[in-house]
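One structure below.
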Amino acid sequence: QVQLVESGGGLVQPGESLRLSCAGSGRSFGLYTLAWFRQASGKEREFVAAIDWSGRKISYADTVKSRFTISRDSAGTVDLLMQNLKPDDTAIYFCAIASYPGSSLPADSRDSYSSWGQGTQVTVSS
């Protein structure tokens, strides 16, 4: 069974940074797109960033572009470096694995992903 575990969340002040990490187990993730989504209280889960199997096709939501950086390694770990955090970044952050290998699925769609972690809370407040 596929399992994803997020870590690295916490409480920070505006302008500070956090690095989230997601460790996957249960299968080889080498050919699957990996992604981060987030869900704020009272809102729907929204796309944050994605990275394909090669590590060269990367996409970000407009709200986090230039501040967040997604990366992955060969062991199936996907990280999200979040810089210059803002109160609007407050949410539970989830990592996800695509339903199929390759890069053909739309990376920013929740429907493209079949496995999700439990999430890690990020709170940005002064």
Side-chain angles (χ1 to χ4, degrees):
Q1 183 177 357
V2 174
Q3 183 177 19
L4 299 173
V5 180
E6 302 94 338
S7 62
L11 173 63
V12 298
Q13 296 184 4
E16 295 183 342
S17 300
L18 282 174
R19 182 185 291 272
L20 306 183
S21 183
C22 175
S25 62
R27 69 161 68 161
S28 175
F29 305 113
L31 297 178
Y32 289 77
T33 294
L34 304 175
W36 288 93
F37 287 73
R38 68 186 183 186
Q39 187 167 17
S41 295
K43 298 184 178 180
E44 295 185 351
R45 191 169 300 186
E46 65 177 5
F47 172 76
V48 176
I51 183 168
D52 82 336
W53 66 272
S54 71
R56 294 188 291 272
K57 186 177 181 181
I58 297 173
S59 58
Y60 297 96
D62 289 340
T63 52
V64 306
K65 190 175 301 182
S66 79
R67 297 188 298 118
F68 291 11
T69 303
I70 189 171
S71 61
R72 66 183 294 167
D73 63 19
S74 60
T77 298
V78 57
D79 288 357
L80 184 70
L81 174 61
M82 306 182 295
Q83 297 180 301
N84 191 24
L85 284 161
K86 303 176 180 180
D88 285 346
D89 295 319
T90 296
I92 300 175
Y93 284 71
F94 301 87
C95 64
I97 302 174
S99 300
Y100 303 99
S103 304
S104 61
L105 298 175
D108 62 351
S109 173
R110 289 173 290 178
D111 293 338
S112 297
Y113 302 90
S114 60
S115 299
W116 299 81
Q118 294 296 306
T120 185
Q121 177 71 48
V122 173
T123 302
V124 184
S125 177
S126 60

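This structure is a prediction, so every number in the text was calculated from the model and none was measured.
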Using a 3.5 Å cut-off and no angle test, enumerate the donor-acceptor pairs between side-chain atoms of residues 76-95 and protein atoms at least two apart in sequence or in another chain.
| residue | atom | partner | partner atom | Å |
| --- | --- | --- | --- | --- |
| Asp79 | OD1 | Ser21 | OG | 3.0 |
| Asp89 | OD1 | Arg38 | NH1 | 2.9 |
| Asp89 | OD1 | Arg67 | NH2 | 3.1 |
| Asp89 | OD2 | Arg67 | NH1 | 2.8 |
| Asp89 | OD2 | Arg67 | NH2 | 3.4 |
| Asp89 | OD2 | Lys86 | N | 2.8 |
| Thr90 | OG1 | Pro87 | O | 2.9 |
| Thr90 | OG1 | Val124 | N | 2.9 |
| Thr90 | OG1 | Val124 | O | 3.4 |
| Tyr93 | OH | Arg38 | NH1 | 2.9 |
| Tyr93 | OH | Asp89 | O | 2.7 |

Cut-off 3.5 Å, no hydrogens considered: what does the side-chain donor-acceptor table look like for residues 8-18, sequence neighbours left out?
| residue | atom | partner | partner atom | Å |
| --- | --- | --- | --- | --- |
| Glu16 | OE1 | Gln13 | N | 3.0 |

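Annotation: salt bridge (charged side-chain N to carboxylate O under 4.0 Å, His left out) contacts involving residues 93-110, sequence neighbours excluded, comprise Glu44-Arg110. Applying the salt bridge (charged side-chain N to carboxylate O under 4.0 Å, His left out) definition to pairs two or more places apart or across chains, those involving residues 54-66 are Asp62-Lys65. Among residue pairs with one or both ends in residues 55-85, none qualify as ring pair (Phe, Tyr, Trp, His ring centres under 6.0 Å); sequence neighbours excluded. Applying the salt bridge (charged side-chain N to carboxylate O under 4.0 Å, His left out) rule to pairs touching residues 98-107 yields nothing, sequence neighbours excluded. Among residue pairs with one or both ends in residues 33-67, none qualify as disulfide bond (SG atoms under 2.5 Å apart); sequence neighbours excluded. For the side chain to side chain donor-acceptor pair (under 3.5 Å) condition, the pairs that include at least one residue of residues 111-126, sequence neighbours left out, are Gln121-Thr123. Applying the disulfide bond (SG atoms under 2.5 Å apart) test to residues at least two apart or on different chains, none of the pairs has a partner in residues 34-89.
The hydrophobic cluster containing Leu105, built from Ile/Leu/Val/Met/Phe/Trp/Tyr side-chain heavy atoms closer than 4.5 Å, also comprises Tyr100. Cluster partners of Leu31, using a side-chain heavy-atom cutoff of under 4.5 Å among ILVMFWY residues and allowing indirect links, are Trp53.
Of all heavy-atom pairs spanning Ser103 and Asp52, the tightest one is OG-OD2, 2.9 Å. The shortest non-hydrogen separation linking Ala35 to Phe37 is CB-CE1, 3.8 Å.
Using a distance-only test at 3.5 Å, with no hydrogens or angles considered, no donor-acceptor pair links the side chain of Gln3 to the main chain of Ser25.
Grouping the Ile, Leu, Val, Met, Phe, Trp and Tyr side chains by contacts below 4.5 angstrom, directly or via other members, places Val48 with Val122.
Between Ile70 atom CD1 and Leu34 atom CG the span is 7.0 Å, to the nearest 0.5 Å. The CD1 atom of Ile51 sits 6.0 Å away from the CZ atom of Arg72 when rounded to the nearest 0.5 Å.
Applying the salt bridge (charged side-chain N to carboxylate O under 4.0 Å, His left out) criterion to Lys43, with sequence neighbours excluded, gives no partner residue.
Side-chain contact check for Phe47 versus Ser109: every heavy-atom pair is 4.5 Å or farther apart.
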